[in-house]
Amino acid sequence: VSQSRYTGGTGVTHTAAGDLTTTGVGTIAVTATTNDITMVDGTVYGTGSGTVTLLAATNVILGEITTTSSTVSITATAGAITEATAAETANITTSDTATLNAATGIGSTGGAADIDTTIATLVATNSTSGNIVLQESSALIIGGTGVRTLAANGNIDLRTDAGAFNINAVVTAHGSGDVTILSTGGLTTVNAVVSSTTGDLSLTGGTGVTHTAAGDLTTTGVGTIAVTATTNDITMVDGTVYGTGSGTVTLLAATNVILG
């Protein structure tokens with residue numbers, strides 16, 4: 001099967017047995033013209049190396065989506081992207097880019113409520129309310145238009161379990177929204193601005209934090225900046241700026257701190 005296309009006029013829902021499966025470059029496209037796309041714990045969308053696209057008028061509730069080497073695009077036009085896997089299995093697996101767009105949240109804090117991924121590159125935008133909360137099992141690149149909350153003081157919480165965390169596009173939280181970036185087992189490299197209007201910025205690199213001249217950390221008001229290198233160094237370069245209004249700035253490195 002080269003293409004699997006499914007459209008529900010008032011939604012698309014699955015049981016655990018309701019998998020969508022193709023191979024090779026076969027693609028999967030699921031559309032809910034109104035209402036939701038609802039997967040449950042155990043539902044799998046699987047292809048070989050084809051693209052996977054989900055478009056819902058309201059919410060997308062994820063089970064597991066797997067493709068080896070193509071893009072995954074998920075849009076919850078007027079609602080949220082959430083997940084239903086109790087075991088914290090990866091909701092999205094690809095060696096390419098996952099693009100997530102929602103109105104009222106992409107994952108949330110607490111227990112198994114975050115979006116779990118095994119992907120290469122993340123692009124995510126939340127437009128109206130709620131937060132972006134994502135846990136990556138390996139290395140991660142922030143690319144494309146970056147990771148952004150656009151309204152309602154939305155927080156951004158991005159964590160990796162292993163490997164490098166490369167911020168190659170902006171990570172920006174709206175209003176007093178906080179930004180938390182945690183690389184448990186790798187180097188955090190900041191190549192683009194990480195910012196909030198007045199919220200707190202927290203960056204941790206398991207094997208260090210390094211910046212290019214474009215990798216500024218910016219907030220205002222009482223927003224704080226905290227950077228931690230669990231091992232090795234915090235490395236700023238000529239041109240790197242950590243800037244806040246009247247908030248505290250704290251740098252803690254296991255070894256050296258090189259200031260910009």
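Atom set for the values below is all heavy atoms of this structure, side chains included, hydrogens, waters and symmetry mates excluded.
- Taking CG from L54 and CD1 from I37, the interatomic distance works out to 4.5 Å, rounded to the nearest 0.5 Å.
- Summarising the geometry of A192 relative to N168, their closest heavy-atom pair is CB-C, 3.9 Å, with the distance given to 0.1 Å.
- Distance alone, capped at 3.5 Å, is enough to place a donor-acceptor pair between the T67 side chain and the G50 backbone.
- Considering every non-hydrogen atom in both A229 and D233, the closest pair reads CB-O, 3.5 Å.
- Residue L100 is not grouped with residue V133 when hydrophobic side chains (ILVMFWY) are merged at heavy-atom distances under 4.5 angstrom, including chains of intermediate members.
- Side-chain contact annotation: N91 with T85, donor-acceptor N/O pair under 3.5 Å present.
- H14 and Y6 form no side-chain donor-acceptor contact under 3.5 Å, judged by distance and modelled atom types alone.
- For T224 and D200, the side-chain atoms include at least one donor-acceptor pair closer than 3.5 Å.
- The CG atom of L182 sits 7.5 Å away from the OG1 atom of T188 when rounded to the nearest 0.5 Å.
- Tracing side-chain contacts under 4.5 Å through hydrophobic residues (I, L, V, M, F, W, Y), one never reaches V190 starting from L187; they form parts of separate clusters.
- Atom CZ of R148 is separated from atom CG of N101 by 8.0 Å, given to the nearest 0.5 angstrom.
- Looking at every heavy atom in both residues, S196 comes nearest to G177 through OG-O, 2.6 Å.
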